Amino acid sequence: MLKVLLASRNAGKLREFSDLLPSFPLVPWPADAPELPETGAFFQDNALQKAEGARAWWHLHGTEPVDGVLADDSGLCVDALWGGPGVLSARFAQDLPSYPERNRRLLAMLSEGADRAARFVCVLAFAPMPGRGHGGPFTVSGAVEGTLAFEHRGENGFGYDPIFIPEGFDQTFGELPSGTKHSLSHRARACAALRARLAANPQ
Ligand code: ITT
């Protein structure tokens, strides 16, 4: 069983990883640990940057042994916004204090009759601790296609969930039960790829 440091400050992600990776004991990123830089242009760059930055910090300051570090870079990509906010999803509309307000601003950026196609994308980077096997750092990814709702609907999940309707459903991730999100989400698909990759290369 792998013990994994989750290099994330996002409480919504931590909740989801606990459900999606029940066989991996997760060590949360400590509150007093540094902010991890994410300066890349692509999800993959940022996921690797966070995983490698956290691994280097934990190597010096970690309080318990872990087998590897997991980082997630993810976001909502809207076709009518040229793929935005995409890699900038966490930084979109930060002048507004809450997600309901940020979601309303995002929806207001689409003109009437605009293409509402969107997808959630998740790239996971796994960096084994030195001497723990599994080769070098690697990434896996997952995505879920859908459309943008016309208004913020539901309180489940986090972030942009209340404005995203996954393909094949009428309700947003904010309205659907978490079990439905976990059966098809970008993060669930990336976690499935992670489990497969680790199972294929156990040492
Ligand atoms: P860490 O870097 O500490 O993990 P973060 O929130 O800064 O946390 P990202 O840079 O990956 O993480 O930004 C991803 C943003 O995309 C996140 O803040 C949410 O707004 C949004 N997002 C990602 N996955 C989502 C999901 O499953 N549901 C809703 N919004 C999501």
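Just so you know, these numbers come straight off a predicted model, no measurement behind them. Atoms within each ligand, like the ligands themselves, are counted from 1 in listed order.
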Student: Quick test: of every protein heavy atom, which one is nearest to atom 16 (O) of ligand 1, and how far off is it to 0.1 Å?
Tutor: S89 CB, 3.3 Å
Student: Decide, yes or no, whether a salt bridge links D170 with R153 under the criterion of side-chain N to carboxylate O below 4.0 Å.
Tutor: no
Student: Please list the nearest protein heavy atom to atom 30 (N) of ligand 1 with its residue and the distance rounded to 0.1 Å.
Tutor: Y160 N, 3.1 Å
Student: Quick check against the 3.5 Å criterion: does W58 have a side-chain atom that pairs as donor or acceptor with the backbone of G68?
Tutor: no
Student: Looking at R104 and E151, is there a salt bridge between them, counting it only when a charged N and a carboxylate O are closer than 4.0 Å?
Tutor: no
Student: For atom 29 (C) of ligand 1, which protein heavy atom lies nearest, and how many Å away is it?
Tutor: F158 O, 2.9 Å
Student: Atoms of ligand 1 less than 4.0 Å from H186 heavy atoms?
Tutor: 24 (N), 25 (C), 26 (C), 27 (O)
Student: Would Q44 and S141 count as having a side-chain donor-acceptor pair, cut-off 3.5 Å?
Tutor: no
Student: Of all the non-hydrogen atoms in the protein, which one sits nearest to atom 10 (O) of ligand 1, and at what distance?
Tutor: E38 OE1, 2.9 Å
Student: Find all atoms of ligand 1 within a distance of less than 4.0 Å from any non-hydrogen atom belonging to D72, and give their numbers and elements.
Tutor: 4 (O), 11 (O)
Student: Got the closest protein heavy atom to atom 13 (O) of ligand 1, with its distance?
Tutor: A90 CB, 3.3 Å
Student: Would a single hydrophobic cluster contain both L184 and V140, if residues Ile, Leu, Val, Met, Phe, Trp and Tyr are joined by side-chain heavy-atom contacts under 4.5 Å?
Tutor: no
Student: Any atoms of ligand 1 less than 4.0 Å from a non-hydrogen atom of G75? List them with their elements.
Tutor: 16 (O)
Student: Kindly identify the option in Y99, F164, F120 whose heavy atom sits closest to atom 31 (C) of ligand 1.
Tutor: F120
Student: Is the number of heavy atoms from other residues, nucleotides or ligands under 6.0 Å of H59 NE2 greater than 12?
Tutor: no
Student: Short question: side chain of R187, backbone of F17 - any donor-acceptor pair under 3.5 Å?
Tutor: no
Student: Can we say K50 and D72 salt-bridge, meaning some charged N sits less than 4.0 Å from an Asp/Glu carboxylate O?
Tutor: no
Student: Report, in ascending order of atom number, the atoms of ligand 1 lying under 4.0 Å from any heavy atom of S8.
Tutor: 1 (P), 3 (O), 4 (O)
Student: Taking the non-hydrogen atoms of L76, is any one of them nearer than 4.0 angstrom to ligand 1?
Tutor: no
Student: Looking only at protein heavy atoms, which one is nearest to atom 27 (O) of ligand 1, and how far off is it?
Tutor: K181 NZ, 2.7 Å
Student: In terms of residue, atom name and distance, what is the protein heavy atom nearest to atom 9 (P) of ligand 1?
Tutor: K13 NZ, 3.5 Å
Student: Which of the atoms in ligand 1, numbered in the order shown and given with their element, are less than 4.0 Å from a heavy-atom of D73?
Tutor: 9 (P), 10 (O), 11 (O)
Student: Between F120 and H186, what is the ring plane arrangement, given parallel below 30°, perpendicular above 60°, and tilted in between?
Tutor: parallel
Student: So which heavy atom in the protein is nearest atom 23 (C) of ligand 1, and how far is it from that ligand atom?
Tutor: S74 OG, 3.2 Å
Student: If you measure from the Lys or Arg side-chain nitrogens to the Asp or Glu carboxylate oxygens, is any gap between D67 and K3 under 4.0 Å?
Tutor: no
Student: Closer than 4.0 Å to some heavy atom of N10 - which atoms of ligand 1 meet that?
Tutor: 3 (O), 6 (O), 8 (O), 17 (C), 18 (O)
